[in-house]
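In what follows, chains are A, B, ... by sequence order, proteins preceding strands, each numbered from 1. Note that the structure is a prediction, hence the values are computed from the model and not measured.
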Amino acid sequence: MDIALIIESIQTLLGGVVLTLELTILSLLIGFVLSVPLAFMRASRSPWLSWPVLAYTYVFRGTPLLVQLFLIYYGLGQLAFVRESFLWLLFRDPFYCALLAFSLNSAAYTIEVFRGGIQSVPPGLVEAAQAIGLSPTKISLRIVFPLAFRTVLPSYANEVVGMIKASSLASTVTLLEITGLARKLVSETFAPYEVFIAAGAIYLGLTFLASRLFNLIELHLSGAPPDKARRPWLLKLRQAL
Amino acid sequence: MGGFQEQFLRGLETTVLVAAISGTLGMLVGLAGAAAKLSRFRVLRMIADAYTTIVRGVPELLVILLVYFGGTAALTALVGSYVEVSALWAGVFSLTVVFGAYATEIFRGAIQAIPRGQTEAALSIGLAPWQTWLLVILPQMARIALPALCNLWISLLKDTSLISIVGLSDIMRVAVVGAGSMRDPLTFYLAASALYLMLTSVSLLTFRLVERRMLAPLH
């Protein structure tokens with residue numbers, strides 16, 4: 001094992017971090033926007049609202065992301081209405097194909113996460129909101145969703161980490177994000193250990209930062225007093241000084 | 001589909017086989033990992049912590065690439081001429097490592113959810129520590145862990161598709177080859193989706209049934 005080569009590889013692979021983050025963050029944002037209304041439909045008591053969303057989440061959670069990505073990247077071009085419209089400008093680019101696949105996939109998982117949260121909100125709170133005359137939309141967005149979001153934050157954090165890792169599949173449709181760059185580098189240097197370990201270290205850093213960020217958000221939203229919200233090592237450091 | 005039905009059937013077999021082997025071995029790794037995490041020895045706890053933290057923070061695809069290309073490089077250096085690792089065993093090894101890491105966390109959580117009194121009671125009626133584990137802790141732990149294991153098994157089934165990238169002839173690989181040679185990606189990838197969906201549905205139903213059986217006598 002060549003430590004110098006690992007460090008050199010990390011420097012090269014850092015060039016792919018921007019694309020990895022771009023794909024991850026955009027997919028998560030689109031997935032979030034899609035999943036909020038759909039989660040309310042999914043949690044609804046009416047089967048007409050709930051079942052179509054269940055069909056969507058069931059199919060997208062029941063098949064591999066790789067199949068979904070290839071279906072979009074290789075399959076969309078076969079459809080005449082895609083090829084003959086402005087959509088083709090978008091979907092002949094592997095970036096947008098990956099973005100579409102990741103967003104739809106992330107939305108499916110996020111819907112089920114949020115549904116659990118929505119169903120865990122005590123009905124008394126909704127009744128109280130109705131009693132003071134809030135409109136159904138306002139109740140959903142100002143009462144139910146914020147409470148639901150706080151409850152499911154740890155699960156949502158897992159979803160975010162999952163998305164960072166899943167973005168590595170973009171390398172299979174020629175995109176040069178971290179994994180794509182790593183595969184290219186391996187074919188040039190024939191040093192699989194060093195390069196893939198370097199890539200792994202970068203992903204580990206990214207996923208670690210993401211889970212730390214969500215821990216902080218969780219502490220912040222839990223309304224803990226500032227002293228308790230500080231991490232123990234910080235307190236210890238303070239006492240030591 | 002030009003004779004690809006039969007290939008799909010063989011691909012299905014390979015997918016199920018790889019998932020079943022990795023799942024079984026991964027469960028054993030998970031049990032050992034959970035035992036290490038709850039052990040009295042600090043070194044074991046640290047090793048298990050490092051294992052789960054690293055593996056769960058890195059993409060599955062990267063683990064597969066590392067094992068496949070790294071394994072090939074190691075074997076080649078060892079033998080002296082170019083030797084390629086079989087995609088099947090590289091895949092099984094990688095997915096066992098991944099499954100084991102998540103299973104470790106599931107089992108650890110499930111074991112910790114069992115009240116301490118259970119262990120104390122078992123020891124006080126004279127069971128040996130290994131009997132306590134086998135007869136008291138494990139059966140209760142299995143029930144608690146089952147729903148999470150079901151989810152883990154389903155992601156394992158889906159992750160097997162990643163091994164096709166290093167050449168395993170599973171469902172995904174058959175779809176890629178068929179889509180290329182028949183110039184009909186939509187049909188082939190939809191067929192692959194249907195097969196995967198069938199596998200995950202059957203798994204869900206099976207786990208439901210097992211869960212109901214396990215819960216029945218207690219309610």
What residue in B:Leu199, B:Thr187, B:Leu162 has the most heavy-atom pairs under 4.5 Å with chain A?
-> B:Leu162
Checking B:Tyr189 side chain against A:Val67 main chain: does a donor-acceptor pair fall under 3.5 Å?
-> no
Is the number of heavy atoms from other residues, nucleotides or ligands within 6.0 Å of CD (A:Glu188) greater than 12?
-> yes
Interchain contact, A:Ser167 with chain B, by part (heavy-atom threshold 4.5 Å) = neither
Is the shortest heavy-atom distance from the side chain of A:Lys165 to the side chain of B:Val58 under 4.5 Å?
-> no
Here the pair of heavy atoms bringing A:Thr179 nearest to B:Leu61 is CG2-CD2, 4.2 Å
Full working for side-chain contact (heavy atoms from CB on, under 4.5 Å) between A:Val186 and B:Leu65 = CA-CA 10 Å; A:Val186 167; B:Leu65 292 173; over 6 Å; no
Residue B:Phe93 excluded, over 12 heavy atoms near CZ under 6.0 Å = no
What part of A:Thr172 is in contact with chain B, defined as an atom under 4.5 angstrom from a non-hydrogen atom: side chain, backbone, both or neither?
-> side chain
CZ/A:Phe95: more than 12 non-hydrogen atoms of other groups inside 6.0 Å | yes
For B:Val63, is it the side chain, the backbone, both, or neither that has a heavy atom closer than 4.5 Å to a heavy atom of chain A?
-> neither
Cut-off 4.5 Å, heavy atoms of chain A, and the answer for B:Ser155 is neither
Taking the side chain as every heavy atom from C-beta outward, state whether A:Arg183 and B:Ile165 have any atom pair closer than 4.5 Å.
-> yes
For each of A:Leu79, A:Ile197, A:Leu169, A:Ile202, tally heavy-atom pairs with chain B at distances under 4.5 Å, and name the one with the top tally.
-> A:Leu169
Measuring from A:Phe70:CZ to B:Ser161:OG, what's the distance to the nearest 0.5 Å?
-> 9.0 Å
Counting only heavy atoms closer than 4.5 Å, note whether A:Thr207 contacts chain B via side chain, backbone, both or neither.
-> side chain
Residues, nucleotides or ligands: over 12 heavy atoms within 6.0 Å of B:Met27 CE = no
Hey, is CZ on A:Arg83 packed in by over 12 heavy atoms from elsewhere, all under 6.0 Å?
-> yes
Do B:Leu62 and A:Ile178 come within less than 4.5 Å of each other through their side chains, counting heavy atoms only?
-> no
Which atoms of A:Ile72 approach chain B - backbone, side chain, both or neither, heavy atom under 4.5 Å | neither
Given A:Ala182, A:Pro64, A:Gly75, A:Gly162, the one with more heavy-atom pairs under 4.5 angstrom with chain B than any other is A:Pro64
Note: vs chain B, highest number of non-hydrogen pairs under 4.5 angstrom among A:Leu76, A:Val59, A:Leu65, A:Leu71 is A:Leu71
So which part of B:Asp184 gets closer than 4.5 Å to some heavy atom of chain A, the side chain, the backbone, both or neither?
-> both
Check the side chains of B:Thr200 and A:Tyr58 for a donor-acceptor pair under 3.5 angstrom, ignoring hydrogens and angles.
-> no
Looking only at heavy atoms, which two atoms of A:Tyr74 and B:Pro185 are closest? And how far apart?
-> O-CG, 3.2 Å
Interface moiety of B:Leu157 toward chain A, non-hydrogen atoms closer than 4.5 Å | neither
B:Lys158 side chain vs A:Leu66 backbone, donor-acceptor pair below 3.5 Å = no
